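Letters A, B, ... mirror the listed sequences (proteins, then strands); counts begin at 1. This structure is a prediction, so every number in the text was calculated from the model and none was measured.
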Amino acid sequence: MSNRIVVGAHYGMRDWLGQRVTAVLMALYAVLLVLVLFIKKPVDYLAWHGVFSPVWMKIATLVFLACLMYHAWVGMRDIWMDYVKPTGVRLVLQVGTLVYLVACGLWALKIFV
Amino acid sequence: MASTTSKAPPKVRPKHLNLFQISQPLPAVMSIMHRMSGAALFLFLPVLLWLLDRSLDTEVGYDLVKGIFSLVIVKVVMAGLLWGFMHHFCAGIRYLFLDLHMGVALAPARKSALAVYLVSIPMTLVAIWLLLA
C-alpha cells in the first residue's frame, strides 16, 4: 500500500526548484522596474503608460507575472498542505487556488497584450 | 537493571506548543512573516491587477486610480503591502543563500534574520516616501 495521497506533495524537487528559479527571475524584474521608474520618473498618464509600452517591457512583465503565478501556486499549496489536513477540503482549496491564479494570469495577459 | 530504565515513566513533553507562551527566536518570527506576507500578496493580487489595468487603460482610469491612492485607508493598506513585499523579497534572498548551504549555522542564521529587518524596513520607508507620501 502506498501512503501517497492525491493532494500530497509531488515527492520531487521540481516545484521546490521552480519556486526558487521564479523567485530569482522576479527579483531581477523588480530591480529592472525600479531602475526604469527612476529613469523615466512617470508623473502623468502618458509617461506611466510609456513605462509599459515598449515590447521588451511587456515581455519582461508577462514573464514576471507567469513566474508569480507559478511561485504563488507552490507557496499557497505549501500553506494548504501544512494547515489543512482533510483531503477533500484541501483539494477544494488547491483547485480554488489554481482557478484564482489562472484567472489572474489571463487578466494580466489582457492588460499587457 | 535494564528493565528499570524501560519501566521509567515517559517524559512529559508539550505536544502542542502554545505560540503565545513560548518565545520565538528571530528567524522563526521572520519565517512566519515570510509566509504571511506571501499569503497577503496572493490575496491582494486581483486588487493590484485591477489598479494596474485601470491606470494603464485610459487617462480617466489613471485619474480614478490616482484618486483611490489619495485615500488614507488605501495608503495604509498599500504601505502594509509594500512592507509585505520588501520583507518577502529580503527573506526570500536569505532563503536562497540558505539553500546554497551558506550561513546555515545558528549564529549567522540569526544575524541574517536580523539583517532582513534592518534592510527591509528602511526599504519599505523609502518606498512609502517615494510612492505614497
- Message: Let's test your reading of the structure: which of B:Ser55, B:Ala127, B:Ala39 forms the most heavy-atom pairs below 4.5 Å with chain A?
- Response: B:Ser55
- Task: Of all the heavy-atom pairs spanning A:Ile111 and B:Leu49, show the shortest one and how long it is.
- Result: CD1-O, 3.6 Å
- Task: Give the intermediate values and the outcome of side-chain contact (heavy atoms from CB on, under 4.5 Å) for residues B:Asp63 and A:Tyr45.
- Result: CA-CA 8 Å; B:Asp63 291 336; A:Tyr45 172 68; over 6 Å; no
- Query: Checking A:Trp48 against chain B: side chain, backbone, both or neither under 4.5 Å from a heavy atom?
  - Reply: both
- Item | Atom group of A:Leu101 that falls short of 4.5 Å from chain B, counting heavy atoms | side chain
- Message: Sub-4.5 Å heavy-atom contacts with chain A: which residues of residues 86-111 of chain B show up?
- Response: B:His88, B:Phe89, B:Leu96, B:Asp99
- Message: With a 6.0 Å cut-off (strictly less than), is the heavy-atom count around NZ of B:Lys66, excluding the residue itself, greater than 12?
- Response: no
- Flag the pair B:Arg35 and A:Asp78 as a salt bridge only when some basic side-chain nitrogen lies within less than 4.0 angstrom of an acidic carboxylate oxygen. no
- Smallest heavy-atom separation, B:Leu56 atom then A:His49 atom, equals O-CD2, 3.0 Å
- Would you mind checking which part of A:Leu37 comes under 4.5 Å of any heavy atom in chain B, side chain (CB onward), backbone (N, CA, C, O), both or neither? neither
- Item | Considering all heavy atoms, the nearest A:Ala30-B:Phe85 contact | CB-CZ, 4.2 Å
- Shortest non-hydrogen contact from A:Tyr100 to B:Leu43? OH-O, 3.1 Å
- Taking every non-hydrogen atom, the tightest pair across A:Phe38 and B:Leu130: CZ-CD1, 4.0 Å
- Item | B:Leu52 versus A:Phe112, closest heavy-atom pair with distance | CD2-CZ, 3.6 Å
